[in-house]
Amino acid sequence: MFQRHYAVRDGVLTALDAPLLVIHGGAGVEPGDLTKEEEQAARAALEAALRAGHAKLTAGGSSVDAVAATITVLEDAPQFNAGRGAVFTHDGVNELDTSIMDGANGKAGAAAGLHRVKNPILLARAIMDKSKHVMMVGDGAERFATEQGITLVDPVYFRTEKRWQQLQKALAEEAKAQASNTPLVLPGKAYFGTVGALALDAQGRLAAGTSTGGMTNKRYGRVGDSPIIGAGTWADARCAVSGTGWGEYYIRAAAAHEICARVRLSGYSISRAGEGVINKDIPKAGGDGGAIALDAQGVAAFPFNTGGMYRGWIGADGVPHVAIYKGDALPMPAY
Ligand code: ASP
């Protein structure tokens, strides 16, 4: 049994005893976006994902095991922009990107431009564990998935009506902006629902993973930050990050690595480092979004600058805690 031992410092959850698992289901969800039923379904999926990762951790699994198990559940849930439920490209297809990193040894795996891999995070993990490479794309990545016995599906599996309608709306808005020669303002919903997980296992090892369909209406071959190690995902011995937001800005900022670099080199707390990159640097450059960050002491931070970010955590006691909108406080454990 793991000892339950938490503190809340400056409003930040601090779990002094592992295991701890922290997740996001994407920034860009604004109040009023979801019906009551949709909100309930999203909350239930976040809780199920947290429980799946927690089960790995309490069974002695590694932080990497927990991240992969958690993200698999979120990829299967149609509420999120990853796996089934991914957003559509400009050409009307689903194109998936993912990455995973093991903070204990610096290993990483990533894949981009996938059309048929049911659970992209499992391919990222196989690339990390079973190939000599860090990143594979498109057909080659899917060939490797086949060799590894990873489940491939008909691309129609990823399609949901809600995402299809989001694309139609984005196309109509784009056409309107072009016709009137006004600059197109990208709606927050363009990146609604990327998923990410960070885990701290009983041995104090951190891991991070991210999975996404990218941004609605993205052009052929566009790759965002989610599969880029250092941009959308990072884990080292003392810090792990998964981002969600306007990927081009996260790549330019090397956002996930930048947060952990500030922790390592400047001695910043995880929340100060996360605030600086996500809520200062990225908006200053013109981008937006959020991230989750976790350090090896079990301090978690959830910075975001949109109207909401699906987010949650689960500690040693196995009780999942989730929140969606900006005003929703994440309930802190009593201790
Ligand atoms: N960051 C992702 C991308 O740009 C989108 C997201 O976070 O939802 O591909």
Side-chain angles (χ1 to χ4, degrees), residues 20-29 42 45-46 48-50 52-53 63-77 79-83 85-87 96-103 108-112 119-122 124-125 128 191-200 206-215 224-235 239-247 250-251 255-260 270 274 277-278 282 289-295 300-304 306 308-314 320 322-324 330:
L20 182 66
L21 176 66
V22 179
I23 61 172
H24 72 77
V29 53
L46 292 168
L50 286 166
S63 52
V64 171
D65 293 333
V67 165
T70 304
I71 291 184
T72 299
V73 173
L74 294 170
E75 287 175 339
D76 291 345
Q79 289 80 21
F80 305 105
N81 171 21
V87 299
L96 313 171
D97 302 335
T98 181
S99 62
I100 194 164
M101 188 164 190
D102 185 343
N119 290 110
I121 195 71
L122 300 182
R125 187 175 188 182
M128 174 170 81
Y191 54 80
F192 188 100
T194 287
V195 305
L198 313 173
L200 176 63
L206 288 164
T210 309
S211 184
T212 189
M215 292 176 78
D225 59 308
S226 307
I228 310 280
I229 296 299
T233 301
W234 182 262
C239 170
V241 173
S242 169
T244 165
W246 195 339
Y250 281 63
I251 296 173
H257 181 268
E258 180 64 25
I259 292 172
C260 290
I270 205 98
V277 175
I278 301 300
I282 286 183
I292 49 174
L294 179 64
D295 75 13
F302 303 80
F304 60 96
T306 56
M309 179 172 79
Y310 296 104
R311 57 202 187 276
W313 63 270
I314 192 166
V322 304
I324 300 182
L330 259 190

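All figures in this text were calculated on a predicted structure; none of them were measured in a lab. Values below: every heavy atom of this structure, side chains too, minus hydrogens, waters and symmetry copies.
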**Complete:** Nearest heavy-atom approach of L20 to L294 is CD2-CD1, 3.5 Å

**Fill in**
Hits for side chain to side chain donor-acceptor pair (under 3.5 Å) against S226, two or more places apart or cross-chain, chain-then-number order -> none

**Message:** Could you tell me if the side chain of F304 sits less than 4.5 Å from the side chain of R311, heavy atoms only?
**Reply:** yes

**Prompt:** Cut-off 3.5 Å, side chains only: do T194 and T244 have a donor facing an acceptor?
**Reply:** no

**Prompt:** Does A112 have any side-chain contact (heavy atoms from CB on, under 4.5 Å) partners at least two apart in sequence or in another chain, and if so, which?
**Reply:** D97, M135, V137, V223, P227

**Asked** Is there side-chain contact between I121 and T72, with at least one heavy-atom pair below 4.5 Å?
**Response** yes

**Request:** Could I get the full list of salt bridge (charged side-chain N to carboxylate O under 4.0 Å, His left out) partners for R125, not counting sequence neighbours?
**Result:** D65, D129

**Message:** On a heavy-atom basis, which atom in I229 and which in I100 lie closest, and how many Å separate them?
**Reply:** CD1-O, 3.9 Å

**Item:** Set of side chain to side chain donor-acceptor pair (under 3.5 Å) partners for E75, sequence neighbours left out
**Value:** N119, S211

**Message:** If the condition is side chain to side chain donor-acceptor pair (under 3.5 Å), which residues does D295 pass it with, not counting sequence neighbours?
**Reply:** none

**Prompt:** What distance separates L330 CG from F302 CZ, expressed to the nearest 0.5 Å?
**Reply:** 5.0 Å

**Message:** Taking side chain to side chain donor-acceptor pair (under 3.5 Å) as the definition, give me every residue that meets it alongside S242, ordered by chain and number, with sequence neighbours left out.
**Reply:** H24, T210

**Request:** Taking the side chain as every heavy atom from C-beta outward, state whether I282 and Y250 have any pair of such atoms under 4.5 Å apart.
**Result:** yes

**Complete:** Nearest heavy-atom contact between L206 and A235 is O-CB, 4.3 Å

**Closest non-hydrogen atom pair between V67 and A207, with its separation** = CG2-O, 3.7 Å

**Fill in**
G213 and V87 have their tightest heavy-atom pair at O-CG2, 3.5 Å

**Asked** To the nearest 0.5 Å, how far apart are CD1 in I324 and CE in M309?
**Response** 12.0 Å

